[in-house]
Amino acid sequence: MKLIGFSAKNYRSISTAYKLPLADYTVIVGPNNEGKSNILKGLGLALTLLTGSKQQRFRRPGFMSYSNRGIERFDYDWERDYPINLQTIELEGRSEFTCEFELTEAELEEFKAKIKVNLNSVLKAKISIGKSDVKFDFVMKGRGKESLNKKRLEISEFVNEKLLLQYIPAIRTSDLAINIVENLLERELSTLEDNPEFKEVVKVITKLQQPLLKKIAKSLKESISGFIPDVKNISIKNRENVGRLISSSCRVFVDDGIETDLQFKGDGVISLTAISLLQHFSKQGSLNKGLVLLLEEPESHLHPKAIHSLKKVLLEISKTNQVIVTTHSPIIIERLQVKHNVIVENGRAIPANNVNEIRQSLGITMSDNLASAYLVLLVEGEEDIVLLKPWLEEKSSKIKSAFANATLIIDHLGGATNIGYKTSLYKNNLCNVIAYLDNDEAGRKGVSDAENKGILKTNEYVLSFCRGMQNSELEDLIDLNSYRQLIIDEYAVDLNIPAFKTNNKQWSDRVRELFRLNGKIWSDKLEGEIKYKVAKKAASLKLTSLNINKISTIDALVTTIENVLGKQG
């Protein structure tokens with residue numbers, strides 16, 4: 001079962017959020033105080049009500065409190081949560097939520113067997129909350145709707161069996177974060193309740209404890225009876241829940257230079273521990289349910305490098321569960337699937353149409369030539385831009401179109417060592433990045449360093465590899481015949497000799513040696529000049545200048561770029 005859509009109306013600052021599509025990884029963005037958290041809290045409240053939560057006692061008329069069978073409690077206070085500007089107009093106004101769930105074939109069969117109603121593929125539930133009651137309406141076409149709405153409790157139990165809600169708020173005090181960790185441990189350790197051997201051990205412990213607990217209870221009764229004569233008895237009992245019994249005696253220690261009890265670490269470390277536990281359980285399948293993880297601003301208290309690591313963890317969890325997160329960090333944004341970002345502004349929540357809308361929502365100012373950029377291709381030097389662009393355009397009409405409308409641009413690094421800096425710069429401005437670097441020591445080191453820092457991923461770079469060569473660069477892909485005469489005319493050096501055609505060294509090293517053998521003074525300036533002229537000549541010939549035997553990495557680059565462009569929706 002998967003939550004695929006959510007709507008909210010007249011809840012706190014949200015006047016309308018209609019059919020927000022929810023994916024495996026969904027990000028909610030917007031300026032401060034515009035309602036990002038309200039969308040998340042509204043979703044948490046709706047799911048809590050839908051899964052058969054236990055309503056707590058009224059504190060006052062219009063105030064209700066609900067528990068989601070975990071540590072988090074969701075309140076609804078009509079005076080606080082129904083929009084203030086409507087309270088004098090609609091005295092009995094109601095906040096409304098709609099959740100849409102997609103069921104698998106197996107779940108549809110199970111639903112039919114348990115609820116006796118035949119769904120198509122979607123379970124749609126409307127929840128409305130007033131001053132003193134909650135109403136449910138399960139929506140479907142046809143005669144089955146009436147039967148469906150008579151089975152609210154059974155449906156709630158069905159949803160509760162399939163989904164587990166975990167809400168982690170933005171303000172994470174140490175006590176709350178520790179409770180989250182203990183709650184997760186309790187869920188995992190509760191599996192011991194079915195272990196016969198462990199049950200016997202618990203019985204022995206309980207038997208040993210009982211005489212002492214009875215003695216303490218008797219003393220308490222005698223003492224309290226002196227103040228309250230109506231007290232007839234006091235008893236102290238062991239916890240029946242094995243998971244809770246064990247988890248309450250577990251302590252988590254983190255050694256980040258000094259081994260310390262988790263509760264004494266900073267909020268950032270505690271939060272990451274809780275999220276990492278969720279990652280572990282989701283990988284092991286220990287949760288036995290589909291997890292819906294609601295996270296408010298998880299980047300709070302974290303260093304930028306740690307935020308990159310956090311993003312990896314959240315994406316890992318989202319492979320098997322759902323993650324819905326609010327953020328102010330460009331790193332957390334879903335850059336590939338633009339419509340998986342929801343923008344909250346002026347009381348409305350809508351899916352993003354393009355990356356520039358997300359930038360504006362985050363307050364990111366871009367230059368005119370980057371305003372439409374969805375993808376940036378990073379290359380080492382200016383001459384690489386001159387050569388690659390015509391090659392790529394001739395190879396792919398999709399890439400040619402992306403260049404034309406500026407959703408794809410090329411920028412140069414000025415050296416492979418700058419790959420980490422430039423990648424971070426563009427990602428922080430919500431651009432996707434692909435790097436095409438020379439397959440030499442500098443290129444490989446630049447990529448490795450950026451990968452180790454969590455800045456660049458394996459699917460975000462291609463190296464200019466040539467078969468049979470330990471080191472190679474972009475110029476090694478060019479057919480010598482396309483620029484041989486140019487070098488002769490401009491520099492009186494003929495490269496068409498066996499020494500140049502060897503695979504032992506990369507192009508620039510071979511050119512340098514031949515120029516020196518021809519009595520020429522070599523310099524970095526001359527190398528740059530030759531590279532630019534060769535690139536310009538090859539670009540004019542387009543794909544005919546490409547060595548047919550060394551085309552593989554260009555094809556790989558085209559595929560990589562097209563894959564990213566295909567995800568922008």
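- With sequence neighbours left out, R359 forms a salt bridge (charged side-chain N to carboxylate O under 4.0 Å, His left out) with no residue at all.
- In terms of the side-chain contact (heavy atoms from CB on, under 4.5 Å) criterion, residue partners of E102 (sequence neighbours excluded) are, by chain and number, I4.
- Under the rule for a side-chain contact (heavy atoms from CB on, under 4.5 Å), the partners of E393 that lie at least two apart in sequence or sit in another chain are K389, K400, F403.
- In this structure, G420 and A450 approach most closely via the heavy-atom pair CA-CB, 4.2 Å.
- A salt bridge (charged side-chain N to carboxylate O under 4.0 Å, His left out) check over residues 341-358, counting only residues at least two apart or in different chains, returns nothing.
- Other residues, nucleotides and ligands contribute only 12 or fewer heavy atoms inside 6.0 Å of the OH atom of Y532.
- Note on residues 410-442: no pairs pass ring pair (Phe, Tyr, Trp, His ring centres under 6.0 Å), not counting sequence neighbours.
- The side chain to side chain donor-acceptor pair (under 3.5 Å) test applied to Y461 returns no partner, not counting sequence neighbours.
- For N563, the side-chain contact (heavy atoms from CB on, under 4.5 Å) partners two or more places apart in sequence, or in a different chain, are T559.
- Every residue was checked against the salt bridge (charged side-chain N to carboxylate O under 4.0 Å, His left out) condition with K457, not counting sequence neighbours, and none meets it.
- Every salt bridge (charged side-chain N to carboxylate O under 4.0 Å, His left out) that K422 has, sequence neighbours left out, goes to D411.
- Take K319 and apply the side-chain contact (heavy atoms from CB on, under 4.5 Å) test, not counting sequence neighbours, and it matches E316.
- A distance-only check finds no donor-acceptor pair linking the side chain of T423 to the backbone of L456 [under 3.5 Å].
- When the side chain to side chain donor-acceptor pair (under 3.5 Å) test is applied to N459, no partner is found at least two apart in sequence or on another chain.
- Listed by chain and residue number, E513 satisfy the side chain to side chain donor-acceptor pair (under 3.5 Å) test with K505 (two or more places apart in sequence, or in another chain).
- Around CD of E441, the count of heavy atoms belonging to other residues, nucleotides or ligands within 6.0 Å does not exceed 12.
- Annotation: Q470, atom CD; neighbour count of heavy atoms from other residues, nucleotides and ligands within 6.0 Å does not exceed 12.
- Between atom CG of residue N321 and atom NZ of residue K2 there is a gap of 11.0 Å, rounded to the nearest 0.5 Å.
- Rounded to the nearest 0.5 Å, atoms CD (E296) and OG (S37) are 3.5 Å apart.
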